[in-house]
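Written below as structure tokens is the structure these notes are about.
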Amino acid sequence: MQLITCPWCGPREETEFRYGGQADLAYPADPSALDDEQWARFLFFRDNPKGTFAERWCHDAGCRRWLRAVRDTRTYVFAETGPYGSFPRRSARPERSA
Amino acid sequence: MNSPVPPGAALPDHPDFLWRTPEPKPSYDVVIVGGGGHGLATAHYLAQNHGITNVAVLERGWLAGGNMARNTTLIRSNYLWDESAAIYEHSLKLWEGLEDDLGYPILFSQRGVLNLAHTEQDVRDSVRRVEANRLNGIDAEWLGPDEVAKICPIVNVSDDIRYPVQGATYQPRAGIAKHDYVAWGFARRADEAGIDIIQDCEVTDFVVDGDRVTTVRTSRGDIACGTVALCAAGHTSVLLDRLGVRTPLQSHPLQALVSELLEPVHPTIVMSNAVHVYVSQAHKGELVMGAGVDGYNGYGQRGAFHVIERQMAAAVELFPVFARAHLLRSWAGIVDVTPDASPIVGHTPYANVLVNAGWGTGGFKATPGIGWAFADTVAHGRPHPLVAPFALDRFVTGALVDEHGAAGVAH
């Protein structure tokens, strides 16, 4: 099992974490201004690279905080992990970064 | 599996002799990208149903060495929604005549599938799905735990397990087939019709003119094309990224494994979405088991051990007799998952590029059905009615085909 380094708890087993998909997706500044096409793109369309991918992970069974990771989707090796800095820590919807 | 014929007696010719190994021609009317089950079936039906034979199937590795070699070969059509039931039932009907159509043994064995229910909500959803299946003319029935035990005596239907079996849906016409033979059978017929199957030929890029792709760039040179038909499963995003076309596909590892060869103990197929395992026993005697996908995106054709561990725990609880079986090997395929667990088939923003993807964890059972319908789509340049509901634009219109109940964990 691979270890993932939580920025707050240190290296922990992969099973303590939950995957959150692509990182750095900004919630639309003015959602009601989007047309259906733009809304669909925000809601459903994500990058799916073969290689380096910036992702969100949540340390579910630990500090329960979100982190940002850069991982290679071919080898599954984590290049780096760090605090998910851009969203409010107590937000119920962490993807709504400004 | 109760046949008196020893395993291997009906083995077909070695695959080397089943198709040619041609050099790519400079141009084809149709270039199919992906030499797995879907690509080969599409090629076969293009020739057989539409007389289109100036076709190349490009495979970056070896023929049917991707997900076609890595799935658990389950075939069923008991999906909830009309759109899914239609395509999967069409496929199942083709499976029922496929051995004759291909003139090739595929060891198709209709041994039935039990989809176990472990909670009250499972029971309600399952009964609903049975009724929906019947309205669509699909064989389905609801069984209580005692009846489950009659069909598959090795399932633990007692009350003293973590998630007791409260019943199951049963589709008697469901079955398994020998995946390699299916691929070889399609390849052989396509080759006989004059279609070029070109292995070790990776598509690296496309040459675009306006809204058309004129040439496919490959590791074996440029190939001009009339229509491009993508059947690349987990690598579809990689190809479409080259064209700047975004899709909601996410590629995940999906693991499966087999035990050593055992005496026949398991007469049917058992699936359990709630405890994440599905099991059948292959013709030679190995238990074939699959799990849910690994949680993260991955192209590595391997997955995490804890996923297998969980899957084995579920299997041993449901089938105490498996406790002494040995795991022989495990592997992973790369499955392309969509937000509604239904495929994406049809047009792209490029006029002559058609896509067949997003079958996620359940593409094998669809092989003849989608080959048939996708070939029709390619031949006529418009979506066949069976695939029309699965167009990419459903994510904009909101007309999703939400099959998470029947497909989400385990196809």
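The structure displayed is predicted, hence computed values, not measured ones. Numbered from 1 within each chain, the chains take letters A, B, ... in sequence-line order.
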Kindly indicate whether the side chain of B:Leu400, heavy atoms from C-beta on, has any atom under 4.5 Å from the side chain of A:Phe44.
yes
Any side-chain heavy atom of A:Tyr76 sitting closer than 4.5 Å to one from B:Arg302?
yes
Stepwise side-chain contact (heavy atoms from CB on, under 4.5 Å) test for B:Tyr299 and A:Thr75:
CA-CA 8 Å; B:Tyr299 286 86; A:Thr75 61; over 6 Å; no
Toward chain B, the part of A:Asp35 with a non-hydrogen atom under 4.5 Å
neither
Say you draw a straight line from CG of B:Asp393 to CG of A:Asp36; how long is it, rounded to the nearest 0.5 Å?
11.0 Å
Which of the residues B:Gly398, B:Ser251, B:Gly234 is involved in the greatest number of heavy-atom pairs with chain A at under 4.5 angstrom?
B:Ser251
Name the one of A:Lys50, A:Arg46, A:Arg71, A:Gln22 that satisfies side-chain contact (heavy atoms from CB on, under 4.5 Å) with B:Asn297?
A:Arg71
With chain B as the partner, which of A:Thr73, A:Asn48, A:Asp47 has the greatest number of non-hydrogen pairs under 4.5 Å?
A:Asn48
Identify which part of A:Tyr19 has an atom lying under 4.5 Å from any heavy atom of chain B, answering side chain, backbone, both or neither.
side chain
A:Thr15 vs B:Arg310 side-chain heavy atoms within contact, under 4.5 Å:
yes
Engaged part of A:Phe53 at the chain B interface, taking heavy atoms whose separation is under 4.5 Å:
side chain
Would you compute the distance between atom CZ of A:Arg74 and atom CD of B:Gln301 and round it to the nearest 0.5 angstrom?
13.5 Å
From OH (B:Tyr296) to CH2 (A:Trp57), nearest 0.5 Å:
6.5 Å
